[in-house]
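These notes are about the structure you will find just below.
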Amino acid sequence: MTMKAQSISKSLIRKYINTVVNLIIIDFDMPEDDPGIYGQYIFDDLLVWIKRDDTEAVLKLAIGQLISSHFDADDFHKNEYPWDEDELRVVFKEIHRRLWPGEPIPTTEEEINWIE
């Protein structure tokens, strides 16, 4: 039996990612090699937003796929300080670690139908 791909809005995920990255830029200017130094408030705020918007499951699925597959960085982060795919993947892994501690980071690609 084939599972239907879940449709997820790129703009929704981009909104969350841009907010996180912009808060990181305020504190650090550039991506850090050790994302553990990023302030917990960044991730606490994100958790509040996704719970308020009832999008936690959607973000979790999206983050899982973005960690484990190739993506165009411009699809998920638009800013005057462009970050590449590898830099964003580090942020995605840190989001997963901070929001869902103790849960393994997904290593398989979930089927997602990305929509604008």
Side-chain angles (χ1 to χ4, degrees):
M1 181 161 92
T2 305
M3 290 183 62
K4 184 179 177 193
Q6 181 169 340
S7 294
I8 297 179
S9 166
K10 285 182 182 178
S11 62
L12 174 70
I13 303 305
R14 184 172 39 248
K15 174 182 83 171
Y16 293 135
I17 300 308
N18 278 337
T19 301
V20 168
V21 169
N22 289 340
L23 289 170
I24 291 169
I25 289 170
I26 288 170
D27 288 347
F28 296 97
D29 293 328
M30 298 299 294
E32 293 292 320
D33 291 334
D34 176 12
I37 67 172
Y38 297 147
Q40 183 61 39
Y41 73 92
I42 294 170
F43 305 97
D44 290 345
D45 287 351
L46 178 59
L47 188 58
V48 168
W49 300 324
I50 63 175
K51 286 190 180 294
R52 178 199 63 210
D53 298 343
D54 195 26
T55 54
E56 183 174 3
V58 170
L59 181 64
K60 189 174 189 178
L61 179 62
I63 291 290
Q65 187 191 49
L66 293 168
I67 288 171
S68 62
S69 66
H70 172 73
F71 61 90
D72 182 350
D74 289 338
D75 284 346
F76 297 97
H77 173 62
K78 295 190 186 290
N79 191 297
E80 62 186 277
Y81 304 102
W83 289 23
D84 66 26
E85 180 181 338
D86 291 334
E87 292 166 330
L88 287 176
R89 187 168 286 111
V90 168
V91 171
F92 299 153
K93 286 179 179 178
E94 192 63 12
I95 289 171
H96 189 280
R97 186 180 79 77
R98 302 267 186 120
L99 296 189
W100 305 290
E103 293 185 29
I105 291 178
T107 57
T108 59
E109 188 173 318
E110 296 284 343
E111 192 170 342
I112 292 177
N113 176 33
W114 291 107
I115 56 175
E116 283 301 319

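With rounding to the nearest 0.5 Å, the separation of CG in D74 from CG in D84 is 10.5 Å. Note that OG1 of T55 and CG of L61 are 12.0 Å apart. Values are rounded to the nearest 0.5 Å. Here the NZ atom belonging to K93 is positioned 12.0 Å from the CD1 atom belonging to I63, to the nearest 0.5 angstrom. The CG atom of L47 sits 11.5 Å away from the CZ atom of R52 when rounded to the nearest 0.5 Å. Note that OH of Y41 and CG of D27 are 3.0 Å apart. Values are rounded to the nearest 0.5 Å. Separating the CD1 atom in I17 from the CG atom in L12 is a distance of 10.0 Å, to the nearest 0.5 Å.
A salt bridge does not link K60 to E56: none of the charged nitrogens lies less than 4.0 Å from a carboxylate oxygen.
Under the 4.5 Å side-chain contact rule for hydrophobic residues, V90 and L23 do not share a cluster. A continuous path of hydrophobic side-chain contacts links I24 to I26 [ILVMFWY only; heavy atoms under 4.5 Å]. I13 and V48 end up in different hydrophobic clusters when Ile, Leu, Val, Met, Phe, Trp and Tyr side chains are linked at under 4.5 Å. Tracing side-chain contacts under 4.5 Å through hydrophobic residues (I, L, V, M, F, W, Y), one reaches I37 starting from L88; they form part of the same cluster.
Of all non-hydrogen atoms in S9 and S11, the two that sit nearest each other are OG-OG, 2.8 Å. Here the closest heavy-atom approach between residue H77 and residue R14 is recorded as N-CG, 4.2 Å. A pairwise comparison of heavy atoms in P35 and R98 identifies O-NH2, 3.3 Å as the closest pair. The nearest pair of heavy atoms linking E94 to G36 is OE2-CA, 3.9 Å. The shortest heavy-atom contact between E103 and H96 is O-CE1, 3.4 Å. Nearest heavy atom pair, residue W114 against residue A62, reads CH2-CB, 3.6 Å.
Aromatic ring orientation, F76 versus F71: perpendicular (interplanar angle above 60°, classes split at 30° and 60°).
When atom types are taken as modelled, the side chain of R89 and the backbone of S69 share a donor-acceptor pair closer than 3.5 angstrom.
L59 is listed as a side-chain neighbour of L46, based on a closest heavy-atom distance under 4.5 Å. Residues Y38 and V20 fail the side-chain proximity criterion, which asks for heavy atoms closer than 4.5 Å.
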_Criterion side-chain contact (heavy atoms from CB on, under 4.5 Å) on Y16 and I95, from CA distance to verdict_ = CA-CA 10 Å; Y16 293 135; I95 289 171; over 6 Å; no
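For N113, the side-chain contact (heavy atoms from CB on, under 4.5 Å) criterion is met by A5, S7, I115, not counting sequence neighbours. Residues forming a salt bridge (Lys or Arg N to Asp or Glu O under 4.0 Å) with D53 (at least two apart in sequence, or on another chain): K15.
When the shell of 6.0 Å around CG of D34 is examined, it contains more than 12 heavy atoms from other residues, nucleotides or ligands.
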